[in-house]
Amino acid sequence: MPDFSQTCDVKDELRFFAREKLGFAAVENGELLGFLCGYPPFMHCYGSPEESGVWSPLHAHGFKTEENTKVLKLLYQAAGEKWRNAGAKYHSITFFSHQKALQAALSQYGFGCRCADSMMDVNNIPENLTVQLPENFAVCKIAMEQFIQLRRLRTALAEHLASAPCFCLLNLQQLEARILKKETDPDLTTFGLFCGDKIAGFIDVEAGGENFISCGAPVLNIQGMYLMKEFRGKKLAENLVKAALDFSIEKNCRYLGVDYETMNPTAQGFWQKYFEPYTLSMVRHLD
């Protein structure tokens, strides 16, 4: 992966964690062995109506020797108790996918994998991504007057994630607010897969992302994709990804990113064909 270390001021983030007393450091004879922090508890964690959670992004933890799980254990016991007393019901943590010792330790502490951040180098396009569109199909940007059709598909995506093996909670009030935010976001570009004048699927693309590694870097991120059931299994979704890829090249971006739910077997199988995971996020219930 390229060096994204200068794309945001991580030091200010660390000062925030320290100032708000949102974590712990492990020190032995004046030597820093590791630290574990997190953002303050936030409500509606994972779509729940009343539960809150804490998130530890990439820069909120670090260990001098990752194999020394005793340091992680002590830090987690201290931080977990603090977050639980602050009302958090969940804790999620993001780490680089090559940190296998950390992943193994977290899985023993009750964490399960939830999502993965992945990237594709636009200069190294997978050969199996270019698929000929059938007759009567086209991919193009969605215009404002087509938002009503698109809104139905966005709702169908939320319903699919709630009923499919992802088991994501469906909060209709949050969904309505999220759809409205997308429709008014000037930085969001949506491409539609059209069958005649009917939108069969869509893909959202936006600069920036949920992880600090892509903030300010030459990266565009896929923020959602959906294909109606009757159009799946026909290599049509690849055309939506290709549209996002071409848009990334047009914007002089070197990378196209996507984060997906690893607990969704269909999504995992699709995205791993074209994108390389670089971070994983795990979550547990602080019960």
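As the structure is a prediction and not an experimental result, all values here were calculated from the model.
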> Among all residues two or more places apart in sequence or in another chain, which pass the salt bridge (Lys or Arg N to Asp or Glu O under 4.0 Å) test with K235?
Replying inline: E238

> If Ile, Leu, Val, Met, Phe, Trp and Tyr residues are connected whenever their side-chain heavy atoms lie under 4.5 Å apart, and connections chain through other members, are M228 and L161 in the same group?
Replying inline: yes

> Quick one: ring-ring contact (aromatic ring centres under 6.0 Å, His included) partners of F270, sequence neighbours excluded?
Replying inline: Y274

>> List the residues meeting side chain to side chain contact (heavy atoms under 4.5 Å, CB included) with T65, not counting sequence neighbours, and say none if there are none.
In response: E67, N68

> Side chains of T190 and L188: does their closest heavy-atom pair fall under 4.5 Å?
Replying inline: yes

> Atom CG in L72, atom CD in Q108: separation rounded to 0.5 Å?
Replying inline: 10.5 Å

> Do the side chains of P40 and F16 get nearer than 4.5 Å, heavy atoms only?
Replying inline: yes

> Who are the salt bridge (Lys or Arg N to Asp or Glu O under 4.0 Å) partners of K89, not counting sequence neighbours?
Replying inline: none

> Taking only residues two or more places apart in sequence or in another chain, which ones pass salt bridge (Lys or Arg N to Asp or Glu O under 4.0 Å) with R254?
Replying inline: D121

>> Testing T94, D259, D117 one by one against T279 for a side chain to side chain donor-acceptor pair (under 3.5 Å), which residue passes?
In response: D117

> Any chance CD of E81 has more than 12 other-residue heavy atoms, nucleotides or ligands included, within less than 6.0 Å?
Replying inline: no

>> Between L75 and H61, is there a side-chain heavy-atom distance shorter than 4.5 Å?
In response: no

>> If you count heavy atoms of other groups shown closer than 6.0 angstrom to CD of E20, is the number above 12?
In response: yes

> Backbone N or O of G87 within a donor-acceptor pair of the S52 side chain at under 3.5 Å?
Replying inline: yes

Using residues 240-248 as the side-chain source, report each donor-acceptor pair under 3.5 Å to any protein atom, sequence neighbours left out, with the distance given to one decimal.
residue	atom	partner	partner atom	Å
K242	NZ	D246	OD1	2.9
K242	NZ	D246	OD2	3.2
S248	OG	A244	O	3.0

Can you list, pair by pair, the side-chain donor-acceptor contacts under 3.5 Å of residues 143-150, counting residues two or more places apart and other chains?
residue	atom	partner	partner atom	Å
Q146	OE1	A143	N	2.8
Q149	OE1	I199	N	3.1
Q149	NE2	D197	O	3.4

> Is a donor on one side and an acceptor on the other found under 3.5 Å between the side chain of R284 and the backbone of Y109?
Replying inline: yes

> Can you name the residues that form a side chain to side chain contact (heavy atoms under 4.5 Å, CB included) with L32, not counting sequence neighbours?
Replying inline: A25, V27

>> Rounded at 0.5 Å granularity, tell me how far CE in M119 sits from OH in Y255.
In response: 8.5 Å

> Restricting to pairs with a member in residues 110-142, which pass ring-ring contact (aromatic ring centres under 6.0 Å, His included), not counting sequence neighbours?
Replying inline: Y76-F111, H91-F111, F137-F231

> Does atom CD of E250 have more than 12 heavy-atom neighbours, drawn from other residues, nucleotides or ligands, at distances under 6.0 Å?
Replying inline: yes

> Judged by atom type as modelled, is there a donor-acceptor pair below 3.5 Å linking the side chain of K82 to the main-chain atoms of K21?
Replying inline: yes

> Rounded to the nearest 0.5 Å, how far apart are CG of L280 and CD of Q103?
Replying inline: 5.5 Å

> For K198, what residues pass the salt bridge (Lys or Arg N to Asp or Glu O under 4.0 Å) criterion, not counting sequence neighbours?
Replying inline: E230

> Within the side chain of R114, is there an N or O that forms a donor-acceptor pair under 3.5 Å with the backbone of M282?
Replying inline: no

>> F17: which residues meet the ring-ring contact (aromatic ring centres under 6.0 Å, His included) condition with it, sequence neighbours left out?
In response: Y39

> Do F24 and L74 have side-chain heavy atoms sitting under 4.5 Å apart?
Replying inline: no

> Quick one: are I93 and L36 in side-chain contact, heavy atoms under 4.5 Å?
Replying inline: yes

> NE2 of H59 to CG of L14: how many Å apart, nearest 0.5 Å?
Replying inline: 6.5 Å

>> Please check if the number of heavy atoms outside K273 that lie under 6.0 Å from its NZ is greater than 12.
In response: yes

>> When you measure from the side chain of Q272 to the backbone of G269, do you find a donor-acceptor pair of N or O atoms at a distance under 3.5 Å?
In response: no

> Does any non-hydrogen side-chain atom of V139 lie less than 4.5 Å from one of L133?
Replying inline: yes

>> Can you list everything that forms a side-chain hydrogen bond (donor to acceptor under 3.5 Å, both in side chains) with E183? Sequence neighbours excluded, please.
In response: R151

> Between atom CZ of F63 and atom CG of L33, what is the distance when rounded to the nearest 0.5 Å?
Replying inline: 10.5 Å

> Looking at Y226, is R154 sitting on its ring face, NZ or CZ under 6.0 Å from the six-membered ring centre and within 45 degrees of the normal?
Replying inline: no

>> Quick check: do Y260 and Q268 have side-chain heavy atoms less than 4.5 Å from each other?
In response: yes

